[in-house]
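To start, the structure itself, in structure tokens.
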Amino acid sequence: MKYYDYKDNPMNPEVINNYYNIGLNTEDEGRFAITKEETDLGRIRTPSLYGITHTAPYISNCSIATLEEVIDYYDRGGDSHPNKSFFMKKFMNPIGLTEEEKSDLLAFLKTLGGKPPIYTKPALF
């Protein structure tokens, strides 16, 4: 199943900035470090996609360098973390995108890049 209508899709505003275990095999305890609840082991905050072209490297441990690699990671269903979220298991295990679909997805993600933030050093009094 490549496409679905699911209330917890990544574009749903209720999902953005929530905590999910994306299947990443890492030593990072994620939300568990705060809550000490086993269900939070490996769960990380999922940020908005706005500005995504300016935030490399990707994934919580910075292990993925490019958006193409991110797409490949999710396409293969992520890693096999034992606490992988229901969403990853059900809908991304693996997805099976064609090269054309990957290219289209990359083009879409690039439209969310926006302008890079410009910071001006404040004047100190």
Value rounded to 0.5 Å, distance of [atom1] in [X] from [atom2] in [Y]:
X	Y	atom1	atom2	result
Tyr58	Glu68	OH	CD	8.5 Å
Leu112	His54	CG	NE2	10.5 Å
Asp104	Glu99	CG	CD	11.5 Å

query: For Ser85 and Asn21, what are the C-alpha separation, side-chain angles and deciding distance, and is it a side-chain hydrogen bond (donor to acceptor under 3.5 Å, both in side chains)?
result: CA-CA 5 Å; Ser85 76; Asn21 184 318; over 6 Å; no

Report yes if the side chains of [X] and [Y] come closer than 4.5 Å at any heavy-atom pair, otherwise no.
X	Y	answer
Tyr73	Ile22	yes
Asp40	Glu29	no
Ser63	Thr26	no
Phe32	Arg43	no

- prompt: Within 45° of the six-membered ring axis of Phe108 and under 6.0 Å from that ring's centre, is NZ or CZ of Lys110 located there?
  reply: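 Verdict for Phe108: no cation-pi partner in Lys110.
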
- request: Report yes or no: is the cationic atom of Arg31 (NZ for Lys, CZ for Arg) closer than 6.0 Å to the six-membered ring centre of Tyr19, at no more than 45° off its axis?
  value: yes

- prompt: Picking from Leu105, Val70, Ile95, what satisfies side chain to side chain contact (heavy atoms under 4.5 Å, CB included) with Asp75?
  reply: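 Checked Leu105, Val70, Ile95 against Asp75; only one passes side chain to side chain contact (heavy atoms under 4.5 Å, CB included): Ile95.
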
task: Could I get the full list of side-chain contact (heavy atoms from CB on, under 4.5 Å) partners for Asn25, not counting sequence neighbours?
output: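 Only Asp79, Ser80, His81 meet the side-chain contact (heavy atoms from CB on, under 4.5 Å) criterion with Asn25.
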
What about [X] and [Y], same hydrophobic cluster or not, with Ile/Leu/Val/Met/Phe/Trp/Tyr joined at side-chain heavy-atom distances under 4.5 Å?
X	Y	value
Ile44	Tyr50	no
Leu97	Leu49	yes
Leu109	Ile64	yes
Ile71	Ile52	yes

query: Just by modelled atom types, is the Leu24 backbone N or O under 3.5 Å from a matching donor or acceptor in the Lys84 side chain?
result: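 No; judged by distance alone, with no hydrogens or angles, the pair does not exist.
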
